[in-house]
Amino acid sequence: MVKKTAVLGHPVSHSLSPRLHGYWLKQYAIKGSYEAKDVLPEALGDVLTSLSADGYRGVNLTVPHKETALSWINKIDDTAARIGAVNTVVVCQDGTLSATNTDAYGFIENLRAQVGELSPFFKKTVILGAGGAARAACVALMDAGAEEIILINRSRDKAEKIKTDLGGNIQTGDWEKRDSLLFGAGLLVNATSLGMKKMPPLELSLENLPQAALVTDIVYNPLTTPLLRQAQVRGNKVVDGIGMLLYQAQKAFELWHGILPEVDDALRCHMLEGL
Ligand code: NAP
């Protein structure tokens, strides 16, 4: 029987996930499929509750379904509960739906794969943004041992909400003061959509950022964002965002197929050709 999987979103035609999962299905000779399904918000409940009857092993969820899907999921894990959103659904043998959020895993595994031991960067972390991706990055960093996290967002109330929800070592900062808040940081994360193709660049002076700090951008199109270029020029180590996409998918693939697929340079090249 074909192991059916898909990504549900709206719009979804731009998604790179079919290219990614298709590569692994072929590499591991799994008789499976992965399609992009455009699902309107009002149709999501019907699609999710029919997954088992329609023969699906699982699905990924992307914008705008990551939070709303929670209403139709029978069981979510602790990571998804803390992030408040799911991106990977597994159809269980009895037809019920369990779900998790693999973005936190994707975020931290990408950093580990590129840099190795992260603790030298963990004294002070600055995260720009307070959307779903920033939430996932926060959870991942807290679990990995980040000591102090400063969350800076244009709409500060959203950063405050994350602080309240996650507790721990999170502080919030003023968007207008973001340049000065970089002082003493060991890790800088752009988790806004600024710098993405067709979006304005992130306006940020790195003058106060220590040269030993690691800079990462979760935007991956373009691969080298203006922020990463700026950081590279002044000698900071940088990690681009494509790896987060690859590693979040790696975890989903394992949940559906029982194989942890390899993330290597050949896969990275294959995905960059699809950008
Ligand atoms: P989201 O929930 O819509 O959040 C967008 C964030 O960007 C918010 O913090 C928003 O601030 C900020 N922002 C947008 N326009 C801004 C502007 N003009 N000035 C200042 N801040 C602005 O989106 P998301 O799901 O978190 O995703 C954020 C980015 O990460 C997207 O580009 C997405 O493609 C990327 N992403 C990458 C991966 C990966 O695998 N690498 C995974 C997930 C997401 P406000 O709250 O003030 O609006």
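Counting starts at 1 for both ligands and their atoms, following the listed order.
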Geometric class of the W256/H21 ring pair [parallel <30°, tilted 30-60°, perpendicular >60°]: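 Taking W256 first and then H21, their aromatic rings sit tilted (interplane angle of 30° to 60°).
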Ring-ring centroid check W24 H257, cutoff 6.0 Å: no
With S50 via side chain to side chain contact (heavy atoms under 4.5 Å, CB included) - residues at least two apart: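 Residues passing side chain to side chain contact (heavy atoms under 4.5 Å, CB included) with S50: D54.
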Approximate separation, where rounding is to 0.5 Å, of L204 CG and D179 CG: 5.0 Å
Contact residues of ligand 1 (heavy atom under 4.0 Å), by chain and number: G129, A130, G131, G132, A133, N153, R154, S155, K158, W175, A191, T192, S193, L194, M196, M199, I218, V219, Y220, G241, M244, L245
T79-N101 side chain donor-acceptor pair, cut-off 3.5 Å: no
Flag, side chain of R178 to backbone of R154, donor-acceptor distance under 3.5 Å: no
